[in-house]
Amino acid sequence: MLTKRQNLMETIKGGKPDRFVKQYEFMNFIMEAPMGAMVGPGQTIVNDWGITFTWPEGQLGGFPVHDDEHKVLKDITEWRKFVKAPSAIYPEERWAAAIEHANAIDRNEEFATCFVAPGIFEMTHHLMSMEDALMALYEEPEDMHDLIDYLVEYELAYAKELIDHLHPDCIFHHDDWGSQRSSFVSPEMFEEFFLPAYKKIYGFYKANGVELIVHHSDSYAANLVPYMIEMGIDIWQGVMTTNNVPELIKKYGGQISFMGDIDSGVIDFPGWTPEIIFEKTKEACERCGKLYFIPGASHGLNFGCFPGVYESNDEAIDKMSKEMF
Amino acid sequence: MSKIEEVKVLVETGKSKKVAAAVQEALDAGVKAQDILDAMVASMGVVGDKFSAGEIFVPEMLIAAKAMSKGVEVLKPHMAGDSASSLGTCVIGTVAGDLHDIGKNLVSMMIESAGFTIVDLGVDVPADKFVEAIKANENVTLVACSGLLTTTMPALKEAVQTIKASGLDVKVIVGGAPVTPEYAAEIGADGYAPDAGSAAVKAKEIVA
Ligand code: B12
């Protein structure tokens, strides 16, 4: 039997996998790595960039607060005055647990993976709200270019720290680029603003020993796949059914692989059942096939919102492996 | 290009900095305010259709709506009376527990440009507040409820059922990524639309 890592490589290289890759199994997440403050359930925090996040009790997650009082950047032309990157350097002792974890990973079996979030696009709307960020791309393109460059600089500085301390061989990077039905910005705009940013970021990781780039965008983004390939993404995680995944595999398989085709919304809800999960998993496996495809929920980490969902999805994939391999 | 054509193009392409001047020039040239407004409404219709068809994206919608509102500001003092819209008032909001409002705001802009007066209750709106708003505002013909989370689908249902149970004579339209036409029907809504462009079309259809 192939190791998880070998099986993943066979799947994305068009070789001979001996089973389906089971969701996130190939990524061993080093979550101990220091990163900016993240909001927890029931909390309100101000992160290192000055962005206020709140997570009301009983909600699925946290979100940035954008009323006038809390918005970090109210006028894009003044970003230099209001946007101040935190230091990417953390005291050595903050790395200790992460280094220990990284050293304990059998890299023949799994990929030592660092988690990076939020992404560049997300940073722009966390700082200034989604609507302002999207309009600024039209109204003040030069300032947006400069702001994005500034955000990229920070990301590269942080990337250097991750690499120096942990030598990851996989990066799992979030940046939601669309809604369920469309990308947030047109392909032309994406090419102008975000392609160059990610070429720098993913290029830097790849030049420094990272073998695998997994990018999360649980959305429609089929129109952006050529840019994903150009910026060096190996696996697009979160691909929703609205993208027509089988068609994407036919068109781009070999250049990029697709992880998802099971929308979290339809399996990860209070009334979930193993039967629903199996049905959706079966559909995905049968229509997408064995190569360039990893079945899994579109959710952006290795757990579900509701207890039991992730595990049940794993079981469904095991069943499909028995049936199809 | 005629002045009115110019206004249309500026709205469609979202040139919010130029539209006010163009509207003023059109007025100065003797074009009736109502005709200019109609032209802008038509432009937003085009924008909505293009968005539904996937030809344009959220930023293009946002800047077009912004341009339209700049134009409307110039027109307002020239409109007879308060030109109460024939389609009535639409109360809109994102349901309790849900804070997503980008989609709701786009729907609101499109419904407004279709000829409704908008009362926007914002996000995290409990079912009762929709009912209160229907009572507190004049000539409410439509309520639009948005929900983006699978976990707030029950709140959407509650909103629709509370409005219906109040016995008030309004239509209810629902939408948001996890909402399906089947779900909308099941919870008793009068209409559903998948995106902002078609929401405006649907809104007109169900109050007609
Ligand atoms: C942007 C975004 C955010 C922004 C919202 C900013 C804002 N001001 O709205 C922020 C970052 C704040 C956010 C927060 C959260 N989000 Co969010 N978010 C999204 C995202 C990426 C896009 C939504 C969006 O704006 N789309 C663009 C608009 C134009 O599209 P739309 O909303 O679908 O609206 C269109 C149609 O649906 C329709 N429509 C909408 N409303 C109505 C109403 C009527 C009457 C009609 C007719 C039509 C209609 O017309 C609109 C225009 O065409 C989605 C991902 C996705 N794939 O959708 C997740 C998503 C919706 N979020 C999600 C989650 C979990 C959250 C959080 C709980 C936590 C988090 N960290 O992610 C918090 C929620 C807080 C809360 N209680 O609401 C999940 C929901 C999962 C689920 N099980 O339902 C999604 C699907 C992402 C995911 N899988 O993780 N989010």
Side-chain angles (χ1 to χ4, degrees), chain A residues 54-67 124-125 129-141 144 177-190 193 218-224 240 242 263-272 298-299 304-306 309, chain B residues 13-18 50-67 69-70 94 96-109 122-124 146-155 157 175-180 182-183 193-199:
Chain A
T54 184
W55 183 338
E57 209 72 68
Q59 291 280 357
L60 290 176
F63 51 89
V65 183
H66 286 137
D67 53 28
T124 65
H125 68 79
S129 90
M130 182 70 100
E131 284 166 18
D132 289 1
L134 291 176
M135 286 200 281
L137 293 168
Y138 267 101
E139 297 181 339
E140 303 295 343
M144 281 303 273
W177 289 333
S179 71
Q180 185 170 322
R181 283 163 205 279
S182 62
S183 57
F184 281 125
V185 303
S186 66
E188 297 72 36
M189 207 171 230
F190 188 86
F193 289 93
D218 59 338
S219 65
Y220 179 86
N223 53 348
L224 306 180
M240 293 183 75
T242 46
D263 300 343
S264 283
V266 303
I267 62 160
D268 197 358
F269 64 104
W272 73 272
S298 50
H299 189 77
C305 293
F306 295 93
V309 167
Chain B
T13 52
K15 299 286 189 289
S16 60
K17 286 174 187 153
K18 293 191 183 144
K50 285 189 180 163
F51 182 74
S52 300
E55 287 166 37
I56 63 165
F57 298 81
V58 182
E60 288 81 0
M61 283 275 277
L62 291 171
I63 59 168
K66 184 169 171 186
S69 71
K70 295 279 180 204
T94 303
D98 203 325
L99 297 155
H100 291 85
D101 65 359
I102 300 164
K104 186 263 296 166
N105 293 347
L106 292 179
V107 169
S108 164
M109 291 165 192
V123 296
D124 192 12
S146 176
L148 257 280
L149 296 164
T150 50
T151 46
T152 53
M153 288 302 100
K157 181 173 175 184
V179 184
T180 59
E182 294 77 31
Y183 186 71
D195 59 64
S198 47

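By convention in this document, chain letters (A, B, ...) are assigned in the order of the sequence lines, proteins followed by strands, and residues within each chain are numbered from 1. Every value quoted in this text rests on a predicted model; they were computed, and no experiment measured them.
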Nearest-0.5 Å distance that lies between atom [atom1] in [X] and atom [atom2] in [Y]:
X         : Y         : atom1 : atom2 : answer
Met61(B)  : Ser182(A) : CE    : OG    : 9.5 Å
Leu99(B)  : His66(A)  : CG    : NE2   : 12.0 Å
Thr151(B) : Gln59(A)  : OG1   : CD    : 6.5 Å
Glu60(B)  : Met189(A) : CD    : CE    : 6.0 Å

- Does a salt bridge link Lys17(B) with Glu140(A), judged by any charged N lying under 4.0 Å from a carboxylate O?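 Salt bridge flag = yes for Glu140(A) with Lys17(B).
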- Checking heavy atoms, do the side chain of Glu55(B), its backbone, both or neither come under 4.5 Å from chain A?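 Glu55(B) has no heavy atom closer than 4.5 Å to chain A.
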- Heavy-atom proximity to chain A below 4.5 Å, by part of Leu148(B):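 Nothing of Leu148(B), per the 4.5 Å heavy-atom cut-off to chain A.
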Select one option (side chain, backbone, both, neither) describing which atoms of [X] are under 4.5 Å from chain B's heavy atoms.
X         : answer
Ser186(A) : both
Ser264(A) : neither
Asn223(A) : side chain
Glu131(A) : both

- Message: What verdict does the side chain to side chain contact (heavy atoms under 4.5 Å, CB included) test give for Ser16(B) and Glu139(A), after you've listed the backbone C-alpha separation in whole Å, the side-chain angles of each residue and the deciding distance to 0.1 Å?
- Response: CA-CA 9 Å; Ser16(B) 60; Glu139(A) 297 181 339; 3.6 Å; yes
- Flag the pair Pro187(A) / Phe57(B) as yes when at least one side-chain heavy-atom distance between them is below 4.5 Å, and no otherwise.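 With C-beta onward as the side chain, the pair touches.
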- Task: Check Arg181(A) against Pro194(B) and note the closest heavy-atom contact, atom names and distance.
- Result: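 Closest approach of Arg181(A) to Pro194(B), heavy atoms only: NE-O, 3.7 Å.
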- Closest non-hydrogen atom pair between Ala177(B) and Gln180(A), with its separation: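 Closest heavy-atom pair between Ala177(B) and Gln180(A): CB-OE1, 2.9 Å.
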- Message: Heavy-atom pairs under 4.5 Å with chain B: which of Tyr138(A), Phe63(A), Phe184(A), Phe306(A) has the most?
- Response: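 When all of Tyr138(A), Phe63(A), Phe184(A), Phe306(A) are compared, Tyr138(A) has the most.
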- Winner by heavy-atom pair count (cut-off under 4.5 Å) against chain A, out of Ile56(B), Asp195(B), Thr150(B):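 Greatest number of close heavy-atom pairs with chain A: Thr150(B).
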